[in-house]
There are 2 protein chains.
Amino acid sequence: MAAVNLKQLAKILNLSISTVSKALRDSHEIGDATKERVLAKAKEMDYTPNPFASGLRRNKSKTIAVVVPEVANNYFSLAINGIERIAQENDYHVLIYLTHEDIEKEKGIMKHLENKRVDGVLMSVTMNTSNQTHLSDFQQKGIPIVFFDRICHEIETAKITTDDYISGINATKHLIENNCKDIAFLSLGDEISIMQKRKSGYLEELHKNNMEVKPERVIKCGNDDEHNYALVKKLLTGKNKPDGIFASVEKLAITTYQVCRELNMNIPNDVKIICFSNLETASLLSPSLSTITQPAYNIGKTAAEVMFKYLDKNKTYIPNENIVLQSTLHIRESSQQIV
Amino acid sequence: MAAVNLKQLAKILNLSISTVSKALRDSHEIGDATKERVLAKAKEMDYTPNPFASGLRRNKSKTIAVVVPEVANNYFSLAINGIERIAQENDYHVLIYLTHEDIEKEKGIMKHLENKRVDGVLMSVTMNTSNQTHLSDFQQKGIPIVFFDRICHEIETAKITTDDYISGINATKHLIENNCKDIAFLSLGDEISIMQKRKSGYLEELHKNNMEVKPERVIKCGNDDEHNYALVKKLLTGKNKPDGIFASVEKLAITTYQVCRELNMNIPNDVKIICFSNLETASLLSPSLSTITQPAYNIGKTAAEVMFKYLDKNKTYIPNENIVLQSTLHIRESSQQIV
DNA sequence: TAAAATTACTACATCGTTTGCGTAAATAGT
DNA sequence: ACTATTTACGCAAACGATGTAGTAATTTTA
């Protein structure tokens with residue numbers, strides 16, 4: 001029942017606590033015969049070190065935190081998958097925290113993590129994280145952060161992203177090539193870096209094609225699904241409807257599908273759609289959804305690998321580094337001109 | 001930079017360490033004036049207790065673990081969402097572990113958790129978890145487990161499930177009412193309880209309608225997507241095809257959609273489909289997918305609530321309790337007779 | 001008014017590990 | 001053979017917070 005500890009092990013083995021401890025950690029100070037005796041007994045008694053005691057003593061938690069806006073989301077859950085894999089390989093534990101896009105919650109979570117509960121934090125910030133003092137304060141405590149996807153430029157550390165600007169260009173170019181004359185961009189807030197990059201790509205490509213850049217074509221959506229629905233419905237209801245929609249995140253594309261269904265609009269005849277998405281059922285939708293798909297699993301995996309690269313060396317300072325992975329464009333029915 | 005601790009706070013305040021500690025915990029032994037002075041200074045210095053020190057001393061981790069097969073899955077991510085919400089409300093932290101349906105990984109994870117790293121475990125077992133000695137062993141260590149969805153009958157504790165048997169009956173009945181004469185059941189393994197219940201409902205309803213119960217209509221799928229694809233393809237290729245498919249989990253329905261697409265089979269004309277699923281895009285699929293939808297968020301929430309009910313009382317023993325939540329049937333195009 | 005009780009604090013042992021230092025005994029070096 | 005060095009272990013002090021058992025000083029009670 002009760003977990004066995006070093007003291008009990010030592011008593012049974014007739015050795016001192018420190019000898020047992022050192023033997024278990026394979027110290028050179030301990031003779032081979034003793035080591036084997038200790039190992040065998042430890043296994044027999046099912047000894048595992050108390051993580052709080054060793055955490056306290058060594059000032060290491062063997063734990064990282066993942067702070068993300070949500071988990072019921074294909075992108076983040078895949079990223080977590082990658083992170084968890086690397087963590088297990090490194091014998092680390094993964095704490096998970098959800099901000100639900102709430103900057104106050106994000107601040108509270110970081111506050112909770114300041115006391116060395118974790119050795120490092122992997123995070124994707126809130127759509128509302130414009131002020132980042134809570135993040136630089138956090139770094140000051142000596143706990144490293146690695147950002148993935150939704151990064152914070154101002155914080156010096158490693159950042160894993162995808163080629164959002166290029167993807168923005170490619171998606172827009174694709175819509176233009178399929179005869180779209182008036183493309184709207186559905187943004188998620190406008191604070192965060194990925195939105196700015198995706199939007200830049202969109203604007204740049206419009207510009208390059210001498211298409212008019214109308215500010216009202218950039219729709220600033222948010223975290224409230226009903227409000228987003230209303231925004232998209234309004235966009236598609238007036239007489240000045242766009243003939244193409246570039247959704248910056250998956251859920252806005254889904255909302256658009258739902259709006260089109262209600263308004264009896266045909267995709268892609270009435271409006272063409274492309275979006276950033278990791279939806280596994282994209283090809284089964286009606287019509288199948290064209291996507292820019294980020295390598296979510298690898299993003300998480302890479303972020304974790306970078307973190308462990310520094311944790312292994314006991315470095316709490318991670319210098320600026322931008323790792324950019326490539327997204328892939330999957331053209332399906334929703335964005336294609338029907339010939 | 002360095003985190004401030006009790007000793008430093010005490011020195012600055014010219015008080016003893018224990019006085020400061022007690023003041024912070026609002027002990028009656030400390031005078032009001034002193035309390036205020038301490039609180040103010042603690043806030044000013046941004047003091048937060050070291051979780052390892054207090055964890056060690058009080059033998060409490062303020063952490064629970066969630067052990068699930070996967071996270072890139074709508075059901076589990078919603079459940080995690082519910083769990084995390086309740087954990088945050090209770091000032092608890094959430095560790096996450098993925099088994100990837102691997103029983104050996106599950107055993108290893110439980111082994112890792114035995115040493116009081118967590119105060120409790122919420123879990124959904126692997127599809128291969130038939131032998132549960134690693135779980136009863138774990139319980140013996142004095143750490144409570146609460147099961148949700150994929151439960152372990154033999155372990156005495158609280159179990160949160162949905163009315164899978166009834167849902168199995170309803171789904172099957174629905175297919176029969178829509179003229180299916182030969183319904184296949186896609187199972188995920190056959191060890192775990194939910195599969196047995198869903199299958200029982202399926203078999204029972206066939207029986208009630210005097211339909212032949214062919215053993216080869218129960219397809220035992222697994223964790224290998226390609227293998228599942230082959231199994232479903234074989235099922236739908238021969239001359240003795242079923243005209244209805246009841247998929248026990250979401251991913252098997254998606255596989256079935258993909259197979260039908262390859263085989264150029266029309267859903268629901270050639271074969272009707274219904275499945276357990278929390279897919280948010282079910283209604284946008286082509287054709288829209290009929291589902292039995294479990295209240296995943298509430299299942300997670302409930303599991304966490306039950307856990308905290310006992311943790312609050314410092315009870316490590318949770319008596320048997322079966323909490324059954326209701327799933328809802330969403331009839332869409334994939335399962336309906338076209339008139 | 002002496003004894004009892006309360007108040008407001010401090011000292012210290014403790015949780016389980018880790019690790020620097022000390023020390024006998026065994027081995028090596030000259 | 002006598003001093004170095006190495007080997008193999010034990011002692012004890014941390015790590016930071018908690019809580020029991022004190023202890024003066026003050027207040028209450030009989």
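Proteins come first, then strands; the chains are lettered A, B, ... in the order of their sequence lines, and each starts at number 1. None of these values were measured; they are calculated from a predicted model.
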Item to check | Counterpart residues, side chain to side chain contact (heavy atoms under 4.5 Å, CB included), relative to B/L15 (two or more places apart) | outcome: B/L13, B/T19, B/V20, B/T34, B/R37, B/V38
Checklist outcome for this item: The salt bridge (charged side-chain N to carboxylate O under 4.0 Å, His left out) partners of B/E89 (sequence neighbours excluded) come to B/R85
Item to check | Partners meeting side chain to side chain contact (heavy atoms under 4.5 Å, CB included) with A/D137 (sequence neighbours left out) | outcome: none
Next on the checklist: Under the rule for side chain to side chain contact (heavy atoms under 4.5 Å, CB included), what residues qualify as partners of B/L78, not counting sequence neighbours?
Outcome noted: A/A72, B/N278, B/A296
Checklist entry - Among all residues two or more places apart in sequence or in another chain, which pass the salt bridge (charged side-chain N to carboxylate O under 4.0 Å, His left out) test with B/E156? => result none
With the criterion being N/O to N/O and under 3.5 Å, what pairs connect the protein with nucleotides 7-9 of chain D, and how long is each?
residue, atom, partner, partner atom, Å
D/dC9, OP1, A/T34, OG1, 2.6
D/dC9, OP2, A/G31, N, 2.8
D/dC9, OP2, A/T34, OG1, 2.9
D/dC9, N4, A/E29, OE1, 2.5

Checklist entry - If you measure from the Lys or Arg side-chain nitrogens to the Asp or Glu carboxylate oxygens, is any gap between B/K35 and B/D26 under 4.0 Å? => result yes
Checklist outcome for this item: Contact string for nucleotides 12-17 of chain C, one letter per nucleotide 5' to 3', B = base within protein heavy-atom range under 4.0 Å, S = sugar-phosphate only, - = neither, reads -BBBBB
Next on the checklist: Just the rounded figure in Å: distance from C1' of D/dG19 to CG of B/D26.
Outcome noted: 16 Å
Could you pull out the protein-nucleic contacts involving nucleotides 23-25 of chain D (nitrogen or oxygen on both sides, under 3.5 Å)?
none

Distance-only donor-acceptor pairs under 3.5 Å for side chains of residues 303-313 of chain A, two or more places apart:
residue, atom, partner, partner atom, Å
A/E305, OE2, A/K301, NZ, 3.4

Next on the checklist: Quick one: does any side-chain atom of B/S27 pair with a main-chain N or O of B/E29 as donor and acceptor, under 3.5 Å?
Outcome noted: yes
Item to check | Sub-6.0 Å ring centroid separation between A/Y97 and A/H112 | outcome: no
Item to check | Watson-Crick and G-U pairing of DNA chain C written in dot-bracket, each distance under 3.5 angstrom, with | for inter-strand partners | outcome: ||||||||||||||||||||||||||||||
Checklist entry - If you take all heavy atoms of A/D149 and A/I194, which pair is closest and at what distance? => result O-CG2, 3.0 Å
Checklist entry - Residues in salt bridge (charged side-chain N to carboxylate O under 4.0 Å, His left out) with B/D91, at least two apart? => result none
Item to check | Partners meeting salt bridge (charged side-chain N to carboxylate O under 4.0 Å, His left out) with A/E101 (sequence neighbours left out) | outcome: A/R150
